[in-house]
Amino acid sequence: MFPSTFNQIVLRERPVADILPDTFESKTKAFDELHVGKNQALVQVTYISLDPAMRGWIREGRSYVPPVKIGEVMRSGGLGIVVSVGEGSKFQKGDLVYGRFGWTEYAVADDKSMEKISPPSGSTSLDFLNTLGMPGMTAYFGLHDVGQIKAGETLVVSGAAGAVGALVCQLGKRAGARVIGIAGTADKCAWLEADLGVDKALNYKSPTFREDFVKAVGYLDVYFDNVGGEILELALSRLNQNARIALCGGISSYNDPQPKGLKGYMTLIAQRAKMQGFIVFDYAEQYPVAIKEIAAGLADGSIKSKFHIVEGLQNAPSALPMLFSGANVGKLVVKVSDEPSMSPKL
């Protein structure tokens, strides 16, 4: 039986700096408000993805997507099970789907906004929020299209223990690069070296980090930047000729109302280097290429994924800031519900 009510979490106010307890609020809605129309399906959400980009989505201003409106369900990608379909829908009850359902327990979604997923060998459905989903596509195209990584080159990855960074490190090793990963704890660095096989992991909180960086890196060919700030400045000072910097994110500045500008960018001229931002959605037509390669790595064990799972939709607002404090290890997701049983009663 369906419930009489369900919960959603909406944006209450736009934070000036850090995300606060009252940035979001929970709403209880009547289930009978959900109406499934033509070419639509009703989805029970099982997992939602928490990503650094969400900080930008709740900031007013021009960007690659419109900001989430005040009172609107918080935007996020997620997994779910189709529990009811409308006229003409291409989905069937029981289908496992990915879509941008948001922070909600149930959602009515257009067919064109969802895709049915079938986990390949060696993977699980949850990997479609990680290595086979947006983080995986971001890592793949940022490294290969923007970074243009080549065998024998030196790749440096900041935020290396996060969802995107961890895969960039592994893809770099698969490409034959020497990989240096940067993370914020000794445990994360140990995981990067022992489990993911990076050549060297550096703790940016170490008092000798700058010296460690210069010694381990020498000069770099590709810098995959997830953090911006002082580490980006340091990377700019250690560029080889024709180096490439892939600007994926700047998590160190996301909560700063007045982020600082770069100082060391003149090195780009002297070293004939390139620094380029990118948005993963621009590569949508090429996703199958990336999924095929990453799935092969998951199947043979050469690509590993790690999850940090938070239980309960109500805990999404308090979990999101973990991305900015470095409290998570691996892909941060929220478990909203167990997969429903597709009994005849439904």
Side-chain angles (χ1 to χ4, degrees), residues 52-53 55-56 63-64 138-162 164-169 171-173 175-184 188-189 192 198-280 282 323-324 326:
R55 183 61 185 84
S63 188
Y64 60 96
T138 301
Y140 186 91
F141 293 106
L143 181 62
H144 289 295
D145 188 72
V146 180
Q148 295 285 312
I149 191 67
K150 301 178 184 67
E153 291 189 322
T154 295
L155 165 67
V156 178
V157 184
S158 60
V164 172
L167 184 55
V168 173
C169 288
L171 292 174
K173 291 301 296 180
R178 184 172 73 98
V179 179
I180 312 296
I182 303 171
K188 289 180 179 180
C189 288
L192 288 168
V198 304
D199 295 282
K200 184 66 178 178
L202 303 175
N203 185 345
Y204 71 85
K205 294 180 182 177
S206 167
T208 60
F209 170 65
R210 293 186 69 89
E211 294 84 354
D212 296 341
F213 186 98
V214 171
K215 181 179 179 181
V217 173
Y219 291 96
L220 64 89
D221 299 292
V222 178
Y223 175 53
F224 195 103
D225 185 29
N226 289 302
V227 302
E230 293 181 2
I231 298 178
L232 174 56
E233 292 282 6
L234 180 56
L236 280 166
S237 73
R238 307 300 299 181
L239 301 180
N240 270 326
Q241 282 192 15
N242 301 307
R244 290 83 67 200
I245 297 176
L247 290 178
C248 179
I251 200 167
S252 68
S253 302
Y254 283 173
N255 290 325
D256 189 341
Q258 293 183 317
K260 301 177 180 64
L262 288 175
K263 298 177 182 178
Y265 62 88
M266 294 295 285
T267 315
L268 296 168
I269 299 173
Q271 299 304 325
R272 300 78 153 174
K274 296 178 181 179
M275 183 163 64
Q276 179 181 338
F278 68 100
I279 298 297
V280 67
D282 295 341
L323 293 166
F324 309 103

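One-based numbering along the sequence shown.
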Review point. Hey, is K260 close enough to E233 for a salt bridge, meaning N to O under 4.0 Å?
Key: no

Point to revise | Closest approach of L323 to P52 (non-hydrogen atoms, all atoms of both residues) | key: CD1-N, 3.6 Å

Exercise for review: Could you tell me whether the side chain of R272 and the main chain of A270 form a donor-acceptor pair under 3.5 Å?
Suggested key: yes

Practice item. State, with a plain yes or no, whether a side-chain heavy atom of L220 is found less than 4.5 Å away from one of L239. Key: yes

Check your understanding: If you count the non-hydrogen atoms of other residues, nucleotides and ligands that lie under 6.0 Å from CD in E230, is the total more than 12?
Key -> no

Review point. Heavy-atom distance under 4.5 Å between the side chains of L232 and L247, does that happen here?
Key: yes

Review point. Does V168 reach the side chain of N226, with side-chain heavy atoms less than 4.5 Å apart?
Key: no

Check your understanding: For the residue pair C248 and V164, what are the closest heavy atoms and their distance?
Key -> SG-CG1, 4.3 Å

Review point. Would you call K173 and D199 a side-chain contact if the rule is heavy atoms closer than 4.5 Å?
Key: yes

Point to revise | V214 and E211, any side-chain heavy atoms less than 4.5 Å apart | key: no

Point to revise | For the student: nearest non-hydrogen atoms of K188 and G326, plus distance | key: NZ-O, 2.6 Å

Practice item. State the CD-CG distance between E153 and N242, to the nearest 0.5 angstrom. Key: 9.5 Å

Exercise for review: Please report the shortest heavy-atom distance between I231 and S158, naming the atom on each side.
Suggested key: CG2-CB, 4.4 Å

Point to revise | Nearest-0.5 Å distance, CG of residue L234 to CD1 of residue I182 | key: 7.0 Å

Check your understanding: Between G181 and A160, which heavy-atom pair has the shortest distance, and what is it?
Key -> CA-CB, 3.7 Å

Revision key, fill the gap. Rounding to 0.5 Å, atoms OH (Y223) and CE (M275) come to a distance of 11.0 Å

Point to revise | Euclidean distance, L268 CG relative to I245 CD1, rounded to 0.5 Å | key: 5.5 Å

Review point. Mind checking whether F141 and V146 have side chains closer than 4.5 Å, heavy atoms only?
Key: no

Practice item. Considering non-hydrogen atoms only, spot the tightest contact between F224 and L143 and give its length. Key: CE1-N, 3.7 Å

Review point. Which value, rounded to the nearest 0.5 Å, describes the distance between D221 atom CG and L155 atom CG?
Key: 9.0 Å

Practice item. May I ask you to decide if the ring planes of F209 and F213 are parallel, tilted or perpendicular, using 30° and 60° as cut-offs? Key: perpendicular

Review point. Once you round to the nearest 0.5 Å, how far does CD of Q271 lie from CG of L236?
Key: 11.0 Å

Review point. Short question: side chain of R238, backbone of V217 - any donor-acceptor pair under 3.5 Å?
Key: no

**Study point:** Whether over 12 other heavy atoms sit under 6.0 Å from Y265 OH
**Key:** no

Check your understanding: Under 3.5 Å, side chain of N240 to main-chain N/O of A243, donor-acceptor pair present?
Key -> no

